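Okay, structure first, notes after.
Because only heavy atoms are used, hydrogens play no part in the values below, and waters and symmetry mates are left out as well, while side chains stay in. Just so you know, these numbers come straight off a predicted model, no measurement behind them. In what follows, chains carry the letters A, B, and so on, assigned in the order in which the sequence lines appear, proteins first and then strands, with residues in each chain numbered from 1.
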There are 2 protein chains.
Amino acid sequence: MTVFQPANLAQEPVTIADRLFLDLRRAILEGDMPAGKKISEPELAGSYKVSRGSLREAISKLENCNLVTRKPNIGARIISFSVAQLMEIYQIREAMEGMAARLAATNMSTEDLAHLSALLDRQQETVTEAERLQQSRLRHDSDLDFHFCIIQASGNDRLIRMLCQDLYDLVRFYRFRLNPSYTPKALQEHELIVEAMQRRDGEMAELLMRHHIRASRERARAQLETMTPAERGQTEKIS
Amino acid sequence: MTVFQPANLAQEPVTIADRLFLDLRRAILEGDMPAGKKISEPELAGSYKVSRGSLREAISKLENCNLVTRKPNIGARIISFSVAQLMEIYQIREAMEGMAARLAATNMSTEDLAHLSALLDRQQETVTEAERLQQSRLRHDSDLDFHFCIIQASGNDRLIRMLCQDLYDLVRFYRFRLNPSYTPKALQEHELIVEAMQRRDGEMAELLMRHHIRASRERARAQLETMTPAERGQTEKIS
DNA sequence: AACGCTATGATTGTCAACAAAAGCTGATCA
DNA sequence: TGATCAGCTTTTGTTGACAATCATAGCGTT
């Protein structure tokens, strides 16, 4: 089995609650439902033409993905945005993806490594192309692909689930709203990581991955500080 | 707020599904429900005197804790036991708790550090006492307390939640069934970690924590290999 | 005018019945 | 004898109605 599968671990939804969960998740991630908004069960159930029971099950799944929070007898609401939380996520990714890179360095098959390297080459071309088209989302997606590949190659199933299912939904949530600038530097860091993995140097791969994520965190922080208060206002924590 | 609160983050359950969730979780963790067993909704709902709706909500919460798995149209079952999965958990803890120790080294208040040091002293006494009474569970609980304190002191709320809510239920699940021997060596390693934190040396605290968890993993692995096939048979993966 | 209390409306939690799917039993046929 | 399929049973998914809880607005009191 190769690790090069689409980032969307798309298992065909068989149940109504499942389909609803996927729809709602997409809506939240892509900003169709504003961050921090309270969820009205009767209203949502009506607009999606499902019963409240199925909706509650879908909401429960969203809670697993950390995309909504629920309080007893009060209700659910979309998570709200905070810079502090984004920094926390970067810290966790630093630790976990560092470990993933270490494991991937020894576990990844040579052909998968070749594919990963090819992916980077394509990205190099895409960067200039995307730059021209102003399609930053293109670059972001390929950035996510890179990280997904390495995580998948770690071989640690639980690590994969914790990252891909639990944490990366949050990453997408923030990424969509921040639309961070994606510097060529990040691509260089990616290449260094792959080179270490090609040398099967797990220790170095981990160090480089941690450095890369820490650097990304600082780039995001710097970008946030340049944003106008108005831009941040929409996204600031609502509590 | 001090980090020295009971490991059971006990918020009084207000809803039936909540209370049921806590009951079931305890039952699973303490082995009242055998690992790998299929959950019959009508049966469980009957024995706990609740409706299937509430039960399903509780099961959904158990799924979040990674204590049960659910397949559509087939049902839920208690997670089953596998050595490979236990090793995976140790790897994740190595990465995440290492980061927690690094953060705690700079965040922890001096008085909390003093408390932690005192906790270790008490454990030192308790070890001999427990040794005499053959109450290995005593030692394990205090081991968990140690790790909980450092995680809580990291200050990273999401890291705390991912570890304390998601991963440590699994740790307890395995710990109850393996009943691992708790060597004095582990206590020494704990002391080294605290000393590094007292020096506010986050880098070293992380290294020592990672070393400690890696060593614990190898101790667990070694102990597993000495177990008879019969002992392991009850706990082996049922698939 | 400000604070607290009460009644009302809306929302969430809970339940039991219905529909659909999976698993099993036993009969049939090669 | 063995496999296959039909029909039945059991289990899960889904729904709408009922009960409990929370938020709000209006009133009265200090």
Quiz prompt | Listed nucleotide nearest any side-chain atom of A:Ile74, set D:dA23, D:dA17, C:dA22 | solution = D:dA23
Quiz item: Rounded to the nearest Å, what distance is computed from the CZ atom of residue A:Arg52 to the P atom of nucleotide C:dA10?
Solution: 15 Å
Quiz prompt | Nucleotide D:dA20, atom C1' - distance to CG of B:Asp18 in whole Å | solution = 15 Å
Quiz item: Backbone N or O of A:Phe173 within a donor-acceptor pair of the A:Arg177 side chain at under 3.5 Å?
Solution: yes
Exercise. Examine D:dT14: is either OP1 or OP2 under 4.0 Å from a nitrogen or oxygen in the side chain of A:Thr15? Give yes or no.
Key: yes
Practice problem: Identify whether any heavy atom of A:Ile39 sits under 4.0 Å from a base atom; if not, whether one sits that close to sugar-phosphate; answer base, sugar-phosphate or nothing. | Solution: sugar-phosphate
Quiz prompt | Given C:dC15, D:dT15, D:dG13, the nucleotide with the shortest approach to the side chain of B:Ile16 | solution = C:dC15
Quiz item: If we only count heavy atoms from C-beta on, is the A:His147 to A:Arg93 side-chain gap below 4.5 Å?
Solution: yes
Quiz item: Which whole-number value in Å describes the distance from B:Ile59 CD1 to D:dT12 C1'?
Solution: 10 Å
Quiz item: What is the minimum heavy-atom distance between B:Asp18 and A:Pro72, and which atoms define it?
Solution: OD2-CG, 4.4 Å
Quiz item: Whole-Å distance between D:dT15 C1' and B:Arg56 CZ?
Solution: 12 Å
Practice problem: Using side chain to side chain contact (heavy atoms under 4.5 Å, CB included) as the criterion, point out the one residue from B:Leu103, B:Leu163, B:Leu167 that pairs with B:Ile151. | Solution: B:Leu163
Quiz item: When the distance from CD of B:Glu41 to C1' of D:dT14 is rounded to whole Å, what number comes out?
Solution: 12 Å
Quiz item: To the nearest angstrom, how far is B:Tyr48 atom OH from C:dC15 atom P?
Solution: 15 Å
Quiz item: So which heavy atom on A:Arg210 is nearest to which on B:Met99, and how close?
Solution: NH2-CE, 3.7 Å
Exercise. Let me know, please, whether A:Pro72 or B:Ala76 comes out on the 5' side of the other along DNA chain D by nearest nucleotide.
Key: B:Ala76
Quiz item: So which nucleotide from D:dC22, C:dA22, C:dT14 ends up closest to the side chain of B:Asn73?
Solution: C:dA22
Quiz item: Quick one: B:Lys71 NZ to D:dT12 P, roughly how many Å, whole number?
Solution: 14 Å
Practice problem: Return the value, rounded to whole Å, for the distance between atom CG of A:Leu44 and atom P of C:dT12. | Solution: 10 Å
Quiz item: Would you say a side-chain N or O of B:Lys38 is under 4.0 Å from OP1 or OP2 of C:dA22?
Solution: no
Quiz item: Within the structure, does a side-chain N or O atom of A:Ser54 lie under 4.0 Å from either OP1 or OP2 of D:dT15?
Solution: yes
